[in-house]
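In what follows, chains are A, B, ... by sequence order, proteins preceding strands, each numbered from 1. Side-chain atoms are counted along with the backbone in the values below, which use heavy atoms only and exclude waters and symmetry mates.
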Amino acid sequence: MPELPEVEVTRLSFAERIRGARVTAVRVGKPLRWPLGSAPEAFVGQRVGEVSRRGKYLWLALERGGLLMHLGMSGSLSFGHATGEPGPHDHFDLVTARGTLRLTDPRRFGAVVWSASADAAPAATLLAGLGLEPFDDRFDGAHLHAALRRRRVAVKTALLGGRIVVGAGNIYACEALFEAGIDPRTPSDRISRARAGRLADAVRSTLARAVELGGSTLRNFRDAHGAAGAFQLEAKVYGRAGKPCVRCGTPIRRVVQGARATFFCPVCQRR
DNA sequence: AAGTGGACCTGCTAGC
DNA sequence: TGCTAGCAGGTCCACT
């Protein structure tokens, strides 16, 4: 999916345009990961408020409650007037006079869930246990070091879990570990305070750079304007198995951790 | 309790 | 050219 940069880029591409628009119709397609939890007609007539993000979730405020949205592995949102007839992978339309917000998600791991507020179930339940936002001042080397010390899993697995810091999925966890010079297989509790500091910086800078570049488009990611991202063009390890490391020329290695592919340079990244 | 592996669903691609 | 196994950006859940 869409990791934090793709979700944030998506949010930025439609939040201002949809704010204040009144819902005129709602269309629901095939089932997504979780049920909507409300009759779709209940949204008709309500105005859309702020669109905010927590981790990889978006919260779209309505006058009564709101919608928690997740893009899963293959989801994207579009917003505009040129939406046309829904295709086989278009599973949710929020129609307003300013345009239609449409969720397209071939694999349907994504979700749209109504909640009375972001602090009430089911939204609060889904958001509970999420780690710090990477751009939160509280997320620093000391925090990351303390959290990593409590785990014995590989540091990459700990990052991906999202319980310490949210937002880095498979691409950006690999890239941040490369930036920090840390072998992704290193046990969490063996990361020194100094290296945790470098890793925290790398997580922030990698995610920030990806937002600047409009995210990564590996297959079907597009922002709500339909624009593709460009970060994948400057990924240094992700998806580059066997290719030379951009820093030292050593072939990039691919291993599997927790059923996910991990890419790293065996020379630049150390335990 | 923490760690591991499977499940969800569909489409694309590399390889035979 | 055509089929198939394997793989894909996430996260929850059951089991050890």
Separation of [N] [atom2] from [X] [atom1] (nearest whole Å):
X      : N      : atom1 : atom2 : result
A/L127 : C/dT11 : CG    : C1'   : 13 Å
A/L159 : B/dG3  : CG    : P     : 14 Å
A/N220 : C/dC7  : CG    : P     : 19 Å
A/Y238 : C/dG10 : OH    : C1'   : 12 Å
A/M73  : C/dC12 : CE    : P     : 14 Å
A/W34  : C/dG10 : CH2   : P     : 14 Å

Would you say the side chains of A/T206 and A/E179 form a donor-acceptor pair under 3.5 Å?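 A/E179 and A/T206 do not have a side-chain donor-acceptor pair below 3.5 Å.
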To the nearest 0.5 Å, how far apart are CZ in A/R240 and CZ in A/R253?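 Here the rounded value is 16.0 Å.
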Identify whether any heavy atom of A/Y172 sits under 4.0 Å from a base atom; if not, whether one sits that close to sugar-phosphate; answer base, sugar-phosphate or nothing.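 No contact at all - A/Y172 keeps every heavy atom at 4.0 Å or more from the nucleic acid.
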Could you tell me whether A/S216 contacts a base, only the sugar-phosphate backbone, or nothing, with contacts defined as non-hydrogen atoms closer than 4.0 Å?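 Counting heavy atoms under 4.0 Å across all strands, the contact made by A/S216 includes a base.
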For A/E133, the option from A/K56, A/R138, A/R54 that meets salt bridge (Lys or Arg N to Asp or Glu O under 4.0 Å):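 One option only clears the test, and that one is A/R54.
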Pairing partner (Watson-Crick or G-U wobble, both distances under 3.5 angstrom) of B/dC9: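 Its partner is none (no Watson-Crick or G-U wobble pair with both distances under 3.5 Å).
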Rounding to an integer number of angstrom, what distance separates C/dT11 and B/dA1 when you compare their P atoms?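 These two P atoms come out 23 Å apart once rounded.
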I'd like the P distance from B/dG5 over to C/dC7, given in whole Å.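 C/dC7 and B/dG5 have their P atoms separated by 15 Å.
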Here's a test of your reading of the structure: between A/R150 and A/F109, which maps to the more 5' nucleotide of DNA chain B?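 Checking each residue's closest nucleotide, the 5'-ward one belongs to A/R150.
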Any [X] side-chain nitrogen or oxygen under 4.0 Å from OP1 or OP2 of [N]:
X      : N      : result
A/R33  : C/dT11 : no
A/H89  : B/dC9  : no
A/R151 : B/dA2  : no
A/R254 : C/dA8  : yes

What about A/R107: does its side chain form a donor-acceptor pair under 3.5 Å with the base of B/dC9?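 Such a pair is found, so the answer is yes.
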Is the side chain of A/Q46 donor-acceptor paired with the backbone N or O of A/R22 at a distance under 3.5 Å, no angle test?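 No, A/Q46 side chain to A/R22 backbone: no donor-acceptor pair under 3.5 Å.
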More than 12 heavy atoms of other groups within 6.0 Å of A/R271 CZ: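 It does: A/R271 CZ has more than 12 such atoms within range.
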